[in-house]
Amino acid sequence: MDKDTQRVREEWVVSLFLLAFLIFNIVTATSYPFPHLDESLQAEPAINYIHGQGFGIRFDEILGMYSFLLVPWMKLFGPSLQSIRSADILSMTLAFLVLWSAVKRFNIVPLAIWRVFLLTVLATEYGMIVVYRNGRYDGFGALVLMVLFWLMSIEGRRTRLFWLFMVCLLLPWAGMQFVPVLFTAGVFLFLIFRWRYWMEIAVSFLASVLGAAGFFLVAAANGRLSTLLKFIRGQKIGIDIISDLIHHGQLILYNYIPADFSFPFLFFAAIVVLVHLLRQNKINLRSGIVLALLFDILLSITMLTVAKLPTYYSYMIVIPTAVALCSGLALCEPDKLRNAALILCALSAAAGAGLHVAAYLGDYQDRNYSHLEQFVDQTVHSDDIAYVDTPGYLAVRQRARDAYLPEAEGPIIPLMSQRQKDAITVLLIPSSVSESTINGLGGQWQETGQKIAPTGHNIFGNRRMGLVTFRPINLTVYRRR
């Protein structure tokens with residue numbers, strides 16, 4: 001088969017794979033996982049803006065490029081849960097496309113079959129599913145980082161430097177967590193290639209510093225710098241974890257390290273392939289598998305020291321590991337060790353897609369989001385101002401005049417003015433928190449008898465396992481007397 005035929009066939013396979021990935025995830029977007037706080041907070045500034053309430057969020061601060069981009073997206077597709085999650089799913093689909101193009105241009109993964117396999121591994125990996133299914137902005141983050149990776153493949157240096165400057169200028173606006181990733185990449189390039197890419201490193205660092213300065217200046221000009229800094233200081237990083245361990249004897253790793261049940265299989269598979277190829281003298285210290293794994297380790301150390309690496313950031317280490325693995329597999333001859341690596345990849349998919357499917361099936365009867373939307377239409381009026389438990393917030397926000405989440409960085413009731421409390425006309429909350437909520441808001445309330453309660457059982461219980469243990473929809477309606 002000639003090269004042109006192979007190229008066209010690969011492009012068709014990749015296009016069909018990504019199209020199927022996009023359609024399946026958008027169609028099933030509302031069925032898994034249950035709606036949760038982070039995606040509601042991320043969408044809140046854009047929702048407030050399209051309702052004429054300004055671009056912002058009450059009792060917290062969300063100021064980033066993705067929330068700005070959600071404004072035109074919501075004007076086109078509405079502020080529904082499916083629309084919000086579809087934006088992140090589309091971002092991840094484009095990230096996969098850019099990654100496939102980059103590894104092909106760099107020739108890191110030289111064979112087409114392993115480039116397609118790379119996409120399959122990523123699409124079924126536990127942490128990656130968390131990233132593209134949860135409605136946050138992490139799919140967009142993956143896209144930004146993959147674009148930076150792709151830009152390094154541009155042959156003309158002036159063109160490469162120009163686009164690196166432009167993208168890195170916007171990087172702090174996309175998210176401050178990307179700055180240590182950029183720093184790590186720059187240090188890594190210098191350690192490996194010395195002065196070969198010094199201009200790319202300098203331009204990228206300069207642009208990111210200018211972008212960060214502009215970001216904070218805009219926040220200050222809009223009177224939002226103090227709340228932004230408060231939000232940033234409130235994030236626990238590696239130094240805080242170590243300090244708590246030393247001073248208080250507490251080691252709290254929740255939301256600090258990834259609860260990614262696929263990653264150990266994937267990483268071990270890459271190590272198996274690496275050792276196998278080193279023994280056969282097929283690779284050297286500048287081979288793709290070696291460089292990707294070294295970068296993976298260096299980035300993990302950096303993020304765990306100066307930031308954090310929760311499950312929704314796991315794409316930062318999963319993608320380099322998967323690239324390393326497929327780069328090595330492309331050089332392997334069919335033998336027992338390659339088969340062992342493929343078995344580990346199958347276990348990664350089983351721990352990834354398998355666990356998520358199991359979580360869905362455990363209470364699938366509660367995951368029909370249209371039931372919640374019908375319930376909201378029957379219980380909430382267009383002139384209501386509602387106080388809504390997180391899983392029901394986005395559905396109510398489409399129907400009511402206004403709505404409050406119960407928490408942001410903490411409970412909001414202590415932060416509300418008396419006027420805001422008195423304006424609330426309806427509560428949609430679990431009955432278990434009704435007493436504390438009504439005491440906090442004040443006034444006389446009565447249960448209407450309308451409720452929507454879970455009927456299934458989550459097989460993972462209430463453990464802190466992220467997406468698979470998100471709370472189901474459990475709402476009881478109360479109105480002022």
Side-chain angles (χ1 to χ4, degrees), residues 95-125 127-128 131 141-153 178 180-194 196-197 200-201 258 260 262-304 309 313-332 337-338 341-342 344-345 348:
F96 283 168
L97 177 62
V98 175
L99 173 64
W100 166 78
S101 175
V103 297
K104 187 176 181 180
R105 287 165 66 94
F106 280 118
N107 203 34
I108 297 175
V109 184
L111 297 179
I113 187 173
W114 297 114
R115 289 193 288 267
V116 174
F117 184 72
L118 169 65
L119 300 180
T120 305
V121 166
L122 291 175
T124 56
E125 204 273 343
M128 295 298 293
V131 170
L143 174 59
V144 170
L145 295 181
M146 291 306 99
V147 167
L148 282 173
F149 180 43
W150 188 92
L151 290 177
M152 289 298 293
S153 71
F178 304 125
V181 179
L182 179 67
F183 173 79
T184 304
V187 170
F188 179 77
L189 283 175
F190 183 76
L191 290 175
I192 299 299
F193 298 102
R194 296 299 179 183
R196 180 177 172 182
Y197 294 110
E200 285 82 355
I201 297 169
D260 188 336
S262 292
F263 184 71
F265 296 110
L266 212 57
F267 187 78
F268 188 52
I271 295 298
V272 168
V273 173
L274 173 68
V275 173
H276 181 51
L277 292 174
L278 284 172
R279 285 180 175 178
Q280 293 184 334
N281 294 318
K282 287 188 175 181
I283 57 173
N284 55 46
L285 293 179
R286 292 196 176 184
S287 298
I289 183 172
V290 177
L291 294 179
L293 284 175
L294 287 176
F295 176 74
D296 208 8
I297 293 169
L298 184 60
L299 179 60
S300 298
I301 294 171
T302 302
M303 293 298 291
L304 292 174
L309 197 58
Y313 290 172
S314 62
Y315 65 90
M316 297 178 182
I317 58 173
V318 170
I319 292 176
T321 301
V323 170
L325 172 62
C326 294
S327 176
L329 285 171
L331 301 176
C332 284
L337 279 176
R338 194 184 80 166
L342 293 176
L344 288 168
C345 291
S348 169

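Computed from heavy atoms alone, side chains included, the values below leave out hydrogens, waters and symmetry copies.
Of all heavy-atom pairs between W114 and A330, the closest is CD1-CA, 3.4 Å. Of all the heavy atoms in V273 and L325, the pair that sits closest is CG2-CD1, 3.9 Å. In terms of heavy-atom proximity, A292 sits nearest to P320 at CB-O, 3.4 Å. Minimum interatomic distance between A270 and I289 (heavy atoms only, all atoms of both residues): O-CD1, 3.8 Å. Taking both residues in full, the closest heavy atoms of P110 and N107 are given as CA-OD1, 3.3 Å, listed atom of the first, atom of the second, then distance. Shortest non-hydrogen contact noted between S314 and D260 is OG-OD2, 3.6 Å.
Under the 4.5 Å side-chain criterion, counting only non-hydrogen atoms from C-beta, F193 is in contact with L291. In this structure, L293 and L274 have side chains that are in contact, with non-hydrogen atoms separated by less than 4.5 Å. For the pair V290 and I283, the minimum side-chain heavy-atom distance is below 4.5 Å.
Enclosure of atom CG in L285 is not indicated, since only 12 or fewer non-hydrogen atoms of other residues, nucleotides or ligands lie within 6.0 angstrom. Within 6.0 Å of CD1 on I113 lie no more than 12 heavy atoms contributed by other residues, nucleotides or ligands. Environment of CZ in F183: sparse, with no more than 12 heavy atoms of neighbouring residues, nucleotides or ligands closer than 6.0 Å. Environment of CZ in F188: crowded, with over 12 heavy atoms of neighbouring residues, nucleotides or ligands closer than 6.0 Å.
Side chain of S262 to main chain of S348: a donor-acceptor pair is present (N/O by atom type, distance under 3.5 Å, no hydrogens or angles).
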Contacts table for residues 143-152: side-chain donor-acceptor under 3.5 angstrom, sequence neighbours left out:
unit_1	atom_1	unit_2	atom_2	d
W150	NE1	S101	OG	2.9

